[in-house]
Structures are given as structure tokens and as C-alpha cells.
Amino acid sequence: MPEILERRTIIHSTLHTSAPIQEPEMVEPRRLHTEEMVLNVGPQHPSTHGVLRLEVILDGELVVDVIPHIGYLHRCFEKHAEHMTYPQVIPYVDRMDYIAAMSGEHGYVTAVERMMNIEVPEKVEYIRVLFAELQRIASHSIAIGTYGLDAGAFTPFLYLFRDRETILEMFEKTCGARFLYNYMWIGGLSHDLHPDVLPMCREFVKQSRATHKEINNLLTFNHIFMERTAGIGVLDPQVAINGGASGPMLRACGVKWDVRKNDPYSIYDRFDFDVAVGSSEYATLGDSFNRHWVRMQEWEQSLNIIEQILEQYPINDTTDVQSAIPKRIKPDGEIYSRTETPRGELGFYIVGKGDVKPWRVKPRSPAFSNLSLLPLISRGYLIADLIVILGSIDIVLGEIDR
Amino acid sequence: MGFLDNLDKTGEGSVLVTSVDTLFNWARLSSLWQMSFGLACCAIEMMSTAASHYDMMRFGVIPRPSPRQSDVIIISGTVTLKMATRIKMLYEQMADPKYVISMGNCSNCGGPYWEYGYHVLRGVDRIIPVDVYVPGCPPRPEALLEGLMRLQEKVREQGKAVDLEV
């Protein structure tokens, strides 16, 4: 018990504030007989972002241990993939990471195309990257908005959902679906880009930059929000790498790792963008604030990529977006292919035996690995901080349970 | 708004002629508090419906995180067998009168998982009574709002011997 208190004091002293806080003198707490208590959070709880159950072992208000229980949304993706043909698996990939369905599809179709050595037309690649980056902004909008809700800020949530609707409108105009698209097909796309999308996109970039600034003022550098998140849930870079963390969770520790840069797929090597990493300028490296801060920076970088796509997009190219779709999809062999989704490194391990149905499709889900580090980073904090730490990981239960 | 049309405004003060049922039903349908409980993909569309663009609150639907304080539970997503017992318990914890909206194909009938899914409850109506089914995978926010309005129509006529024109 004193050990935990001591740790908490150290963490508290690293808080960044504009004025130095006069720390009250620590009084050695009297040795009271305390008993540990088990508290269940979830599966029905507004802060667990879905149907996650946390078994929290508490000593007073301090978290001694957290055991995440998953499986309440297990939808047997692998079993379904065994029964479906390769293109039929795409809708199930959508429903895996339902907040970023386009990014998931991009990962799956890239894997199958690499397996079959399909050359995709340039126009298709541009549309795919455009939509994947728009989806990244939409996904981070939900992550940042609900993180605000967790910390007690309601207004940013409304502003972010307003902007998200613009992105969904662009998707809807192009492929007819608002939320789960089945848009990227193996070797092509289901529909060509709607003519309204490019002008809408130009407008959106301007509007989104304004919103980005507004959210920074409202939420990121809000003193209350910083007090709640800075120095909470500090993750060591070495532990993060060993634990298989990826995405904003890893980059917040200062590790510059982004599949788009380190192992480029599609046409990401043509665009100039920075890999957002956490900094110790505002808070401790690897804490909850930095995970939020990395998401805010990534939002800006995605806007940069979208601007470059709008400049380079081949408007006069009249290639049919379905021209490269193969007649027979019967790949043979195995492949592991990875892409960068808003939550991190999404990998697909596919084994094909020359049949129309895949023999095995095993997704490597980023949110699952990130969630597995939750017990390590939440021990010794208050139970109120546990909610903030969980929110900063940005989990999607559909992807964790699959 | 229903019984307000019966207001007799001829005299000095207003006279209200109505039945207790009509009055209670009107009060109930005007403030349907919804249990904010998300299951899967549909929950994100439910959040969109509650957020700025669609604004569910103009129908008097306010999200409450507790089953004790809520009137309607929206089953938004795939009901797995592991989750089914919890949903039944949540429904039992709600105070009467209580209503259920089944949102999306998964909770209507199992959705895309009904055929090969060894894990899915093929329709939430197997464990709790459903008032309104909203189809779609996931349903658009407009569809959910339509479902809520249908529920309001149902509440308006409840306890009366009339035919519903729905």
C-alpha cells in the first residue's frame, strides 16, 4: 500500500501545469487494515466503449489489478471466412472494425491482391488512399469525441460528429452505404468516384482544419483535460514494443513506427507526411495525453495527404474501376500482409489452397494487443483514472473479439 | 398533440376533457428515456442519431446509463449467446412500463451471422418481447427515428380498444 502511494506521488509530481503546484507535505498514512475489493465494470457501462467487462481489484480507490474479460461480441470471423468465397469475406471484414470499415477493407484486399500479384490501376489506388485517410479522420473523430465524454467534456463530441457526417455523405454518394461499405473489391472498387466528392473534399479540408484548431482549444489544451490525462497511464516504449502495441498507442511512447512509412503499401510512398509521435513537451512521454495528442496530429497529417491526393488525382483518367477485377479468384499459397488502420497495425494471414474459399483467414487485430497492455499501465492509479486510460487506448470490441 | 386538441377554450379558464389513459400515454410517449447501451456496429449509428446531426432529443428521447431510470431499451447489435443472459437481466431490471426496440438485422433475426454463426442468438425476441423492429445493417439514423416514432404511436394507443393503422 505505501509503495503504491509513493508511485502515485511521483507520477503526480510529473504533471505539467502552467504554475508550479505547491505539493502538500506527505504524511505517512496510518497502517489501517484494508481489504481488497472486486468491482465489475461492464459489460453494460457507458465508459467501456462497447461490451467489455473489466474485473477491477481495488484497494480503497487505488487500482491493484485489472482483468479484462472479452468475448461478449465474438462473431466468429474465422469460421465465416471458411464458408465464404474471397469477395464474400469483405462485408465481414467491415463488421470487424466497424468504426474504420474502409481501412479494414483496404487491408484485406491488399493482402489478397499481393497473394495473386494483381496490378491495380493508378486511379483505383488514389481513390482507395483518399477514402482510407478520410476514414482515419472519421475514426479519430469518434475516438477524440468519446474520449472527451469520458473526461467529462460533452461539446467536442457534438462538433466532431457534425464533421463526421460530411465524410459519411461523401462515402454515401460514392458507394451508397453510410457506415459499412463493401466498397473496396479485390482488384478494384464497387463504384467510380462520384463527381461531387472532389469539390466536397476541398471544402471539407478547409472546414476540418478549422475544427482541428477548435478542438485543440476546447479539449486538448483545456486545463481540466490536461490535469485528467497528463501523467496518467504511462507506458514504457520497451514494454510497448514487447507487448505488440501499435498505432497511436506505440507512437505516443516516442517510437516512430508507422506501416505507411516503414513498409509502404498501396501508393503511400508518393505522399509527403510526418509520422506523429508523442512528445514530452506537454506531458510525460507515453501517457494518456500523448495518445490523444498523437491522434490530433494524425488528423492533421491525414488532411495533408488528402490535399496532395486532390492535387495529383488523375481527373481525366477514364479507366473502369472494375477493369482489374479477376474472373477467377482462386489463390494458392499463404501470405501475411499488414496495413495501418487508425488503431494500429492490422495484419491478415491468409492461406489459400487453390479453392474459391480461403482455407484460413487470421486477422492480427491491433486493438486486441493494445488492450492487453491495460493491466500494466493502470496499476496504482485511481479508479477514475482507469476510465481515462481505457478511453485513451481507443478499443473497438468488434475487432478485439472478432 | 393528441389530447390537447380536446381543450375547450370557450370559457374563461380552459377545460380539459380526457381519459386518464390518454393523459398517461401522452406523458409517456413524450419523454421516452432510452437506455444508452451499445452492443456493436449499430451502436455507432445510435450515437450518430443522438449526436448533433439527427438530434434524438427533439423527440424527448434522452440517453440514461442506468436500466432503473430508462423506459426503452434499444438492442443495437449482434446478441451473442454470452451477452444474451446479461440483456435479459438488464431488461428485468427496468421499471414498468418498458419498451424494446430491436435495431438492425442482427438483433431482429441473427443478420449476416445466422447461417454459420455458432455463437449468435437468432433474434432478441427469443429472450425479451420486442415492440418495434428496425431493419437494416446497420439501419440509417432516419430509420431509427422512424422506429422511435412508431413506438410513440404504439404508446399513444396502448390500453385502448382501437385498431392501429400501422
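Because only heavy atoms are used, hydrogens play no part in the values below, and waters and symmetry mates are left out as well, while side chains stay in. Each chain gets a letter, A, B and so on, in the order the sequences are listed, and its residues count up from 1. If you're wondering where the values come from, they're calculated on a predicted model, not measured in any experiment.
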Measure M47(B) against the heavy atoms of chain A and call it side chain, backbone, both or neither at under 4.5 Å.
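Both backbone and side chain.
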
For A43(B), is it the side chain, the backbone, both or neither that has a heavy atom under 4.5 Å from a heavy atom of chain A?
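For A43(B), there is no contact with chain A at all, as no heavy atom is under 4.5 Å.
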
Under 4.5 Å heavy-atom distance to chain B, tell me which part of [X] shows up: side chain, backbone, both or neither.
X       : result
I99(A)  : side chain
F157(A) : side chain
L397(A) : neither
R75(A)  : both

Could you check whether S48(B) and R164(A), counting side-chain N and O atoms only, form a donor-acceptor pair closer than 3.5 Å?
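Side chains of R164(A) and S48(B): pair found under 3.5 Å.
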
Under 3.5 Å, is there a donor-acceptor pair between the Y72(A) and R86(B) side chains?
yes

So does H74(A) get a backbone contact from the side chain of K82(B), meaning a donor-acceptor N/O pair under 3.5 Å?
no

Is a donor on one side and an acceptor on the other found under 3.5 Å between the side chain of Q44(A) and the backbone of P65(B)?
yes

Show your reasoning for whether side chain to side chain contact (heavy atoms under 4.5 Å, CB included) applies to E115(B) and H83(A).
CA-CA 10 Å; E115(B) 197 175 0; H83(A) 288 284; over 6 Å; no

Please indicate whether F77(A) has more than 12 foreign heavy atoms, meaning atoms of other residues, nucleotides or ligands, lying under 6.0 Å from its CZ.
yes

Evaluation steps, salt bridge (Lys or Arg N to Asp or Glu O under 4.0 Å), between E172(A) and R140(B):
CA-CA 11 Å; E172(A) 196 184 341; R140(B) 298 179 57 84; 2.8 Å; yes

Check for me whether K79(A) meets the cation-pi criterion with Y116(B), that is, NZ or CZ under 6.0 Å from the six-membered ring centre and within 45 degrees of the ring axis.
no

